[in-house]
Amino acid sequence: MSYTLADVEPGSIVEIIGYEGESQYEFKFISLGILPGDLVTVQSKSFFGGPISIKHGEWNFFALRYNYAKKILVKKAGA
Amino acid sequence: MENILLVGFPNSGKSTIYNLLTGQLRKVSNYSGVTVDSAQAALISNTINAKKLHVVDLPGVYNLIPTSIDEGVTTTSLLKDTSKYHTIAMVIDLDRFEASLSLLLAVKELTHKKMVAIINKNDHDLFTPDHVKKLEAKIGIPVISISALHDNEKDLDKFLRVHSDVPHMVDTTIVKPKMKLHTESRQYIPDLLLDEHFHEAPSDEVIQHMKNHQAEARGIIHDIYSHSTAKTKMTEKIDSIVLHKVWGTIIFLAIFYFIFHSIYTWAGPIMDWSEGLVASLGEFISQYMSDGFLKSLVIDGVIAGVGGVIVFLPQIMILFFLLSILEQSGYISRAAVLTDKVMSTFGLNGKAFLPYMSGFACSIPAIMAARSIPNHRERAATIMTIPMITCSARLPVYVLLIGTFIPSRTYLGFLNSQALAFFFLYFLGSFTALLVAKLFRLTIYKGESSNFIIDLPHYEKPSLLFAGKQSLKRGQVFLKKAGTIILGLSIIIWFLSTFPNPKPELIANQAPEQISAIRLENSYLGQTGKFIEPVLRPMGMNWKMGVGVLVAFGARELFVSTLGTVYALGDVDEESASLHERLMAEIDPATGQPAFNIAVAWSILIFFVFSLQCISTLAILRREMGSWKYPLFMFAYMGALGYGGATLAYQLLK
Ligand SMILES: Nc1nc2c(ncn2[C@@H]2O[C@H](COP(=O)(O)OP(=O)(O)OP(=O)(O)O)[C@@H](O)[C@H]2O)c(=O)[nH]1
Ligand SMILES: [Mg+2]
């Protein structure tokens, strides 16, 4: 099992290492300026697998569906 | 005349800038993807300048490769018929500096056109003239930094004029590459031609190309500017509560309840006052007119019909005022996050939230807003259910019936029974819309529900002035409708309910009160009503309510104006001045009981929740979906729901 953004506990900071699956996911992230190597903080998660809200870098905020977060491979920042 | 295209990220402030420069009032909201079509207008300053400049507002895009119809509009405007415009003004969002700068780089790479850059949202002058100079040097394009929200248009206007006068040297020896896109994107740009406007390329290549731009943008910014964190901190703090698992939902419900509550409690006194005004206007005029048809036309047709609708102006304005505040604050995108789980359960895209939300104002812009949903089936399921969301045209009907028939009580010290009834109707419409959408997604519009990522813009302090302007604008639209369509139809309805004259033997030897009732029943409208009465009976409606419902298929407000006219004409005791007093006073001759009761009121309300009584919606649907089968189907299924629902409500409550 790979470690994805969906597995991250709220409050932790992780580094993006890549995207799984179809290119459309990668496409969307890149056009929002979220690149591999960037740091992301998980802000909050909702009940029952609702969207996850994240902070990208220092000042960008996004929310994404759980299924989407599962496509984003991450590792612990600095690890 | 020279055209300037405004191109930039969603939510970067293009429409705000457009409004600032042209004095228009295009919809602006702190949410990504608000604008879905293009609009063009002349600069205000054209009146004092020889050179005539126009600006074109376009839907926001994250990059040039479209993933939905609205984004396709922007790509097409940029690449097709480049002779139609003169300058591209790139709007850069300082809050999304890197990514929006990368869009600029992508555009610059493709075009020979003159370009300028507008750095927007520079509210606290953190982006200094020195930064501007450095950025100009890096990208080789003139730059201005502004705050479209706080500055006036002078500097920006001057900047655009100065640069439109500078001759633009095109070095034609430099061949610009064609845009590269992958096959899936082609469906959104039907007007562009392969090899003339773009080339196809594998998606890896397209993505790599975008990555390069992002990296380049990052490098440029790194050298010149670093961001402040005050705004970020505040957004983080607010979000930790507003998006909280538990508190988030409570706050969400509280906000929406508050809106309905305010429509009731704030508008109440104003409405009483305006109803009184309409009534005394009627009395005042009637002193100066002699009895006869003309007087009846003015008093019973125009004043009772149009006046009955106009008294709802305060509610409409309050609704739009509050919605505008909510939109400006940035809360709407949080609400989209909170409701996303529900949306996805019903098989809808997260992007369907905004169209549904706009549906509370009016279905027409809401149906257009659905253009931002990429997948055709998801878009169809959204569009086909939007008209069930309670739009502002239903407001007069709801307020009239709830205000008249639901006694005002207070529960738990703050919940008001009328506001709750109101809330329930809104909820019923929205919930059924979702249910039907799910049904569609399981049957005719089957498919995977696509994924969802949403921008959460920084919170902004809403401007009351702007909200006030928006609400005034909607008020004007409402009055205009009342003064044209509703006025015209009220006059027609008066004719139809006054003529033909009844046979003399019918009214011979009758008391004067009886005569007006007999006249009404024998009028064209009365005969129609009597004719359809058997169909209405299961819903508990009498023929007067029936003709109201029938006429309301033209526009929902007409229900109120028709009842206004019909009840004014048939008014027996002459005591009751306002429509709601007349409704309460009506006695059903068959039973001797009041014609209206709680069961009838709910039946009518439920009918209005579900059925599609709006010709403009049908027309726009035809346009958006390209075939009459959509409006026909929608009309049929919503009508069936309305009839079934109303019958059920009446039979259960009577
Ligand atoms: N703080 C701040 N907010 C601004 C400024 N200019 C615009 N806004 C706000 O930014 C939000 C988005 O503005 P719009 O004009 O709707 O953005 P747009 O670029 O037209 O967005 P789309 O139509 O979605 O592409 C609104 O809430 C505006 O009030 C500014 O200079 N400063
Ligand atoms: Mg816009």
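In this text the structure is predicted, and so the values were computed from the model without any measurement. Reminder, nothing fancy here: chain letters follow the sequence lines and each chain counts from 1.
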#### Entry: Worked verdict on B:Ile453 versus A:Arg65 for side chain to side chain contact (heavy atoms under 4.5 Å, CB included)
CA-CA 7 Å; B:Ile453 175 159; A:Arg65 276 190 179 169; over 6 Å; no
### Task
Count the heavy-atom pairs under 4.5 Å between each of B:Glu236, B:His213, B:Glu184 and chain A, then report the option with the highest count.
B:Glu236
#### Entry: Among B:Glu98, B:Lys233, B:Lys211, B:His182, residue most engaged with chain A (heavy-atom pairs, under 4.5 Å)
B:Lys211
#### Entry: Heavy-atom pair count under 4.5 Å with chain B, highest-scoring of A:Pro51, A:Pro36, A:Ala63
A:Ala63
At their closest point, which heavy atom of [X] faces which heavy atom of [Y], and how far apart are they?
X        : Y       : value
B:Asp95  : A:Trp59 : O-CD1, 3.2 Å
B:Met210 : A:Phe27 : CE-O, 3.4 Å
B:Arg96  : A:Phe61 : NH2-O, 3.2 Å
B:Ala99  : A:Ser31 : CB-O, 4.3 Å

With a 4.5 angstrom heavy-atom cut-off, which part of [X] approaches chain A: side chain, backbone, both or neither?
X        : answer
B:Leu338 : neither
B:His458 : side chain
B:Val206 : side chain
B:Ser102 : neither
B:Thr345 : neither

Could you give the distance from [atom1] ([X]) to [atom2] ([Y]), rounded to the nearest 0.5 Å?
X        : Y        : atom1 : atom2 : value
B:Thr67  : A:Lys28  : OG1   : NZ    : 4.5 Å
B:Ile207 : A:Phe29  : CD1   : CZ    : 12.0 Å
A:Asn60  : B:Thr235 : CG    : OG1   : 11.0 Å

### Message
Would you say that more than 12 heavy atoms from the other residues, nucleotides or ligands in this model lie under 6.0 Å from the NE2 of B:His199, or not?
### Response
yes
### Side-chain donor or acceptor of B:Gln214 paired with backbone N/O of A:Ile30 under 3.5 Å
yes
### Query
Considering heavy atoms only, which positions within residues 237-248 of chain B lie below 4.5 Å of chain A?
B:Leu243, B:Lys245, B:Val246
### Any pair counted as salt bridge (charged side-chain N to carboxylate O under 4.0 Å, His left out), so long as it reaches residues 34-44 of chain A, sequence neighbours left out
A:Asp38-B:Arg218
#### Entry: Passing option when A:Phe62 is tested against B:Ile454, B:Val337, B:Leu456, B:Asp455 for side-chain contact (heavy atoms from CB on, under 4.5 Å)
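The passing option is B:Asp455.
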